[in-house]
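One structure below.
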Amino acid sequence: MNILNTFSLEGKVALVTGASHGIGFAIACGLAKAGATVCFNVRRQEALEKGIADYKEAGVNAYGYLCDVTKEEQVTAMVSQIENEVGIIDILVNNAGIIKRIPMLDMSAEDFREVVDIDLTASFIVAKAVIPAMLKKGHGKIINVCSMMSELGRETVSAYAAAKGGLKMLTKNIASEYGQYNIQCNGIGPGYIETPQTAPLREEGHPFNKFILSKTPAARWGTANDLMGPAVFLASDASDFVNGHILYVDGGILAYIGKQGE
Ligand code: NAP
Ligand code: GCO
């Protein structure tokens with residue numbers, strides 16, 4: 001047997017949420033290059049049009065849908081549209097997410113709820129929408145995009161850390177509840193990645209840049225493309241006995257106390 005065949009996604013349909021750019025875009029491109037037919041959703045028409053064009057430029061014929069993942073009726077409508085137009089979703093990547101960097105005492109409960117709604121509850125909503133067809137088909141892969149903040153806290157990200165910590169446990173629970181039906185649910189935990197979400201932290205002179213390099217053994221920020229291979233692995237037959245695992249793609253941050261004297 002050619003072991004590489006177990007990494008092939010030929011004939012599979014993947015949905016990557018919030019994937020018009022950034023980490024979701026890179027993951028979707030990686031899945032496509034491994035053979036999957038990829039679908040993505042965005043909230044805004046202009047992002048949809050730009051996303052489809054950007055995928056085409058990357059050599060990927062992606063299917064794009066307008067859907068706010070916090071709205072259950074929009075999600076169920078999108079999933080049934082994909083099932084009719086493209087096929088049953090074999091691979092779900094819950095990527096859509098936001099962050100609000102606000103000191104806890106200054107953060108409103110509304111702000112907190114919005115982050116949890118998108119970063120945690122929406123992953124429940126989308127997973128709930130795709131699992132029934134996966135059960136009928138007899139297999140499925142769910143990948144939740146977690147974070148360093150699934151394991152660590154830091155100032156100003158209370159809502160995000162609570163949501164991503166919850167997402168880690170939702171991942172383990174989906175794995176526990178549906179593993180017997182050949183559905184594997186795992187998390188992918190990016191470290192600090194160069195995307196629009198972290199752009200404020202990488203502005204000229206921002207102390208965070210030096211700080212994160214001192215905490216990263218790889219001594220560099222990650223790129224969205226660093227997530228491609230790990231995502232293909234978790235989406236493929238090669239990971240059929242991996243379940244409830246959070247695969248951290250962080251250059252070693254979680255293993256490292258930090259550079260001495262920094
Ligand atoms: P990003 O550039 O901010 O992209 C996030 C995407 O999610 C955007 O396309 C956004 O759409 C979409 N989105 C947000 N709320 C949505 C909703 N309600 N419905 C549909 N789509 C929605 O972020 P990123 O850095 O690529 O991050 C992607 C994921 O990785 C997030 O879950 C993030 O928490 C996680 N992550 C990022 C890093 C990092 O260092 N960058 C590290 C670990 C984990 P709009 O354009 O409409 O806002
Ligand atoms: C922050 C960053 C992080 C990254 C990522 C790390 O403000 O600390 O935005 O939260 O986005 O989640 O894994």
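Remember, it's 1-based here, ligands and their atoms both numbered in the order they're listed.
Residue Y160 places a heavy atom less than 4.0 Å from ligand 1. The shortest separation from a heavy atom of C146 to ligand 1 is under 4.0 Å, placing the residue in contact. Ligand 1 lies less than 4.0 angstrom from a heavy atom belonging to T198. Under a 4.0 angstrom heavy-atom cut-off, N41 registers as being in contact with ligand 1. Residue contacts with ligand 1 include S20, since one or more of its heavy atoms lies under 4.0 Å from the ligand. Proximity of G189 to ligand 1 is not established, as no heavy-atom distance is less than 4.0 Å.
For the 3.5 Å distance criterion, the side chains of Q74 and Y65 fail to qualify, holding no donor opposite an acceptor. Remark: the E151 side chain and the Y248 side chain contain an N/O donor-acceptor pair separated by less than 3.5 Å. Between the side chains of K100 and T156, no donor-acceptor pair is found at a separation under 3.5 Å. Side chains of N144 and T171: a donor-acceptor N/O pair is present below 3.5 angstrom, by distance only. Judged by distance alone, the side chains of N182 and Q180 never bring a donor and an acceptor atom under 3.5 Å apart. In the model, D68 has a side-chain atom that pairs as donor or acceptor with a side-chain atom of T70 under 3.5 Å.
Counting atoms of ligand 1 from 1 in the listed order, those under 4.0 Å from a heavy atom of R44 are 45 (P), 46 (O), 47 (O). Within the listing of ligand 2, atoms 6 (C), 13 (O) sit less than 4.0 angstrom from a heavy atom of M148. Atoms of ligand 2 found under 4.0 Å from any heavy atom of Y192 (numbered from 1 in listed order, with element): 1 (C), 2 (C), 3 (C), 4 (C), 6 (C), 8 (O). Per-residue contacts place Y160 under 4.0 angstrom from the following atoms of ligand 2 (heavy atoms of the residue considered): 5 (C), 10 (O), 11 (O), 12 (O).
Of the candidates V145, V75, N144, it is V145 that places a heavy atom closest to atom 35 (C) of ligand 1. Of the candidates T195, I23, I99, it is I23 that places a heavy atom closest to atom 38 (C) of ligand 1. Between R43, K71, K50, it is R43 that holds the heavy atom closest to atom 16 (C) of ligand 1.
For D68, heavy-atom contacts with ligand 1 shorter than 4.0 Å involve the backbone as well as the side chain. Contacts of I98 with ligand 1, taken as heavy-atom pairs under 4.0 Å, involve the side chain alone. With a heavy-atom cut-off of 4.0 Å, C67 touches ligand 1 through its backbone alone. Using a 4.0 Å cut-off between heavy atoms, I99 contacts ligand 2 through its side chain alone, with no backbone atom that close. Here V69 has heavy atoms under 4.0 Å from ligand 1 in both its backbone and its side chain. At a heavy-atom cutoff of 4.0 Å, ligand 2 is contacted by the side chain of L201 but not by its backbone. Contacts between K164 and ligand 2, counted as non-hydrogen atom pairs separated by less than 4.0 Å, are absent for every part of the residue. Residue K164 touches ligand 1 through its side chain alone, judged by heavy-atom distances below 4.0 Å.
For A19, no nitrogen or oxygen atom sits less than 3.5 Å from a nitrogen or oxygen atom of ligand 1, counting backbone and side chain alike. Below 3.5 Å of separation, one finds no N or O of G22 facing any N or O of ligand 1. Close N/O approach between D119 and ligand 1 is not found [any backbone or side-chain N/O within under 3.5 Å]. For G18, a nitrogen or oxygen atom sits less than 3.5 Å from a nitrogen or oxygen atom of ligand 1, counting backbone and side chain alike. No N or O atom of S147 sits closer than 3.5 Å to an N or O atom of ligand 1.
Closest protein heavy atom to atom 5 (C) of ligand 2: S147 OG, 3.6 Å. Nearest protein neighbour of atom 9 (O) of ligand 2, counting heavy atoms only, is R101 NH2, 2.7 Å. Atom 6 (C) of ligand 2 has its closest protein heavy atom at G191 O, 3.4 Å. For atom 11 (O) of ligand 2, the closest heavy atom belonging to the protein is Q197 OE1, 2.6 Å.
Within a 6.0 Å radius of CZ in R113, other residues, nucleotides and ligands contribute 12 heavy atoms or fewer.
Relative orientation of the Y55 and F40 rings is tilted, given thresholds of 30° and 60° on the angle between their planes. Under the 30°/60° scheme for interplanar angles, the aromatic rings of F208 and H206 are found to stand perpendicular.
Annotation: side chain of M148 is in contact with side chain of D250 (closest heavy-atom distance under 4.5 Å).
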